[in-house]
Amino acid sequence: MEKLIMAVEGEKKRFGLLKDAFKERGFDVKTIHVRELTLFSDMSGSRIKNSGLALTKTKAVYLETPLELTQFVEPLLDEIERRGIYCQLKKGSFYIGSNELLQISVLNEYNIKVPRTMIVGSPEQIKAAAEKFSYPVLVKFYVKGKKIHSFIAKDEKTLLSLSEGIQADNALIRDYIVGEVDHCAVIGEKVYNLRRLVKEDGSLQPLKKALPAKLSKAEEELAIQAASVCGCDIAMVKMCKGFVLKVKPYVNMLTFTKRTGQNLFEEVAELFKEKISGA
């Protein structure tokens, strides 16, 4: 029986269901809370200090934590990779997932279609950039990499007016793509999609009311590629009209299972089994 560790944070119903799915696939599963781990780092790298984990016998780690723990999780991913343990997230995935500006740069580097975006070093530079866009645009402001404010500007005048007086390190201006949004749950080479429709007031319906929708082969491949370049075998990829809007290094398997009728817990467990068998 292969040993698998679920390194998670919080008490969520989906963690219990996923643990059951792993056990059904023959895994010996141990659940730990990420915050309970201790990492020791020196010139040779980072190491996990927890004798009770028996990492030398561990074949796989399922990791799911809030993006706020990036500074801790990345050294953990480095240790997991160093030991040759399979994890659905690769080194760098949390840096990319938690930093929207970095994620856009990574997606662009791999020629993945994203809405036209401009990143400016300070809000003062928005005035020079305002006339270069077609409207509406989505604007986001950041301090130390964390988003502090965002809005949609319908025209240049609104953009300048709403940007005035905001104190930020940098800002992002992006073409606002209007339309239904696809939330693609990528699990290895499989894609499960929920489509959020536009309501009469122009807003999107919540994900819990989204409907299953078929994607084209090209759209599925785009979602898989976007997840892959962001370091994820499992991810949620938001898309609209062929553009990738965002990649998150986790999937709410409970919501997708309920709305699509497909058991994503079993699919995740099967992916891990395949990865371990092919190692």
Side-chain angles (χ1 to χ4, degrees), residues 66-68 70 93-184 193-210 213 215 219 222-223 225-227 229-230 235-250:
L67 291 171
E68 288 78 8
T70 292
S93 58
F94 262 65
Y95 283 139
I96 296 171
S98 63
N99 188 327
E100 190 169 6
L101 305 181
L102 173 60
Q103 185 175 107
I104 290 170
S105 297
V106 170
L107 293 171
N108 269 321
E109 182 180 352
Y110 285 87
N111 297 315
I112 291 176
K113 190 177 178 183
V114 297
R116 189 164 66 101
T117 304
M118 181 177 292
I119 300 171
V120 297
S122 67
E124 289 75 21
Q125 294 177 306
I126 289 178
K127 186 174 182 179
E131 63 182 22
K132 299 178 182 180
F133 276 86
S134 300
Y135 291 83
V137 294
L138 174 63
V139 188
K140 299 182 181 182
F141 295 91
Y142 300 85
V143 171
K144 295 181 180 180
K146 184 176 181 180
K147 185 178 71 174
I148 61 166
H149 187 62
S150 66
F151 60 83
I152 297 170
K154 296 182 179 180
D155 51 46
E156 183 177 340
K157 181 179 179 181
T158 304
L159 171 61
L160 297 176
S161 174
L162 294 177
S163 301
E164 189 174 351
I166 294 179
Q167 301 297 315
D169 296 334
N170 43 49
L172 174 153
I173 310 171
R174 189 180 80 187
D175 283 341
Y176 182 65
I177 310 299
V178 181
E180 300 168 344
V181 174
D182 289 312
H183 287 243
C184 309
N193 184 48
L194 289 177
R195 182 165 294 165
R196 295 171 66 193
L197 305 179
V198 180
K199 297 191 291 187
E200 290 184 2
D201 62 2
S203 64
L204 290 168
Q205 65 181 176
L207 183 60
K208 64 182 180 180
K209 292 186 178 180
L215 295 173
E219 288 172 327
L222 176 61
Q225 184 186 10
V229 302
C230 290
M236 200 276 289
V237 182
K238 288 175 63 177
M239 301 195 304
C240 181
K241 295 183 176 179
F243 291 92
V244 172
L245 305 181
K246 195 166 191 176
V247 179
K248 294 183 178 181
Y250 54 83

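Of all the heavy atoms in G179 and K241, the pair that sits closest is CA-CE, 4.2 Å. Nearest heavy-atom pair across V181 and K238 is CG1-CE, 4.2 Å. For the residue pair V143 and A168, the shortest heavy atom distance occurs at CG2-CA, 3.9 Å. Residue G97 comes nearest to P249 through the heavy atom pair CA-CD, 4.4 Å, listed as atom of the first residue, atom of the second, then distance. V106 and V229 get closest at one heavy-atom pair: CG1-O, 3.6 Å. Nearest approach of G242 to L222, heavy atoms of both residues: O-CD2, 3.5 Å.
Annotation: the span from L138 atom CG to T117 atom OG1 amounts to 9.0 Å, rounded to 0.5 Å. In this structure, NZ on K246 lies 10.5 Å from NE2 on H183, to the nearest 0.5 angstrom. Put simply, CG on L194 and NZ on K208 are 14.0 Å apart, with the number rounded to the nearest 0.5 Å. Distance check: E156 CD to S161 OG gives 12.0 Å after rounding to the nearest 0.5 Å.
Shown here are the side chain to side chain donor-acceptor pair (under 3.5 Å) partners of D169, two or more places apart in sequence or in another chain: there are none. Partners of L101 according to the side-chain contact (heavy atoms from CB on, under 4.5 Å) rule, which considers only residues two or more places apart in sequence or in another chain, are N99, I119, Y142, N170, L172. For K140, the salt bridge (charged side-chain N to carboxylate O under 4.0 Å, His left out) test picks out E100, with sequence neighbours left out.
Geometrically, K113 engages F243 in a cation-pi contact defined by less than 6.0 Å to the ring centre and at most 45° from the axis.
Here the side chains of I126 and M118 are not in contact, with every heavy-atom distance at 4.5 Å or above. Residues F133 and Y176 have side chains not in contact (no heavy-atom distance under 4.5 Å, counting atoms from C-beta outward). Considering only heavy atoms from C-beta on, R174 stays 4.5 Å or farther from V114 through its side chain.
Side-chain atoms of Q103 come within 3.5 Å of backbone N or O of V247 as a donor-acceptor pair. With hydrogens and angles disregarded, no donor-acceptor distance shorter than 3.5 Å links the side chain of S163 to the backbone of L160. A side-chain donor-acceptor contact under 3.5 Å links S98 to the backbone of F94. Counting only distance, with no hydrogens or angles, the side chain of R196 and the backbone of Q205 share a donor-acceptor pair below 3.5 Å. Counting only distance, with no hydrogens or angles, the side chain of N193 and the backbone of A213 share a donor-acceptor pair below 3.5 Å.
With a 6.0 Å radius and a threshold of 12 heavy atoms from other residues, nucleotides or ligands, K199 has its NZ atom above the threshold. Residue F151 places its CZ atom among more than 12 non-hydrogen atoms of other residues, nucleotides or ligands, all under 6.0 Å distant.
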* To do: Kindly determine whether L159 and Y135 satisfy side chain to side chain contact (heavy atoms under 4.5 Å, CB included), including the steps that lead there.
  => CA-CA 10 Å; L159 171 61; Y135 291 83; 3.4 Å; yes
* Asked: R195 and L215: side chain to side chain contact (heavy atoms under 4.5 Å, CB included), yes or no, with the steps?
  -> CA-CA 10 Å; R195 182 165 294 165; L215 295 173; 4.0 Å; yes
* To do: Decide yes or no on side chain to side chain donor-acceptor pair (under 3.5 Å) for N108 and S105, but give the supporting numbers first.
  => CA-CA 5 Å; N108 269 321; S105 297; over 6 Å; no
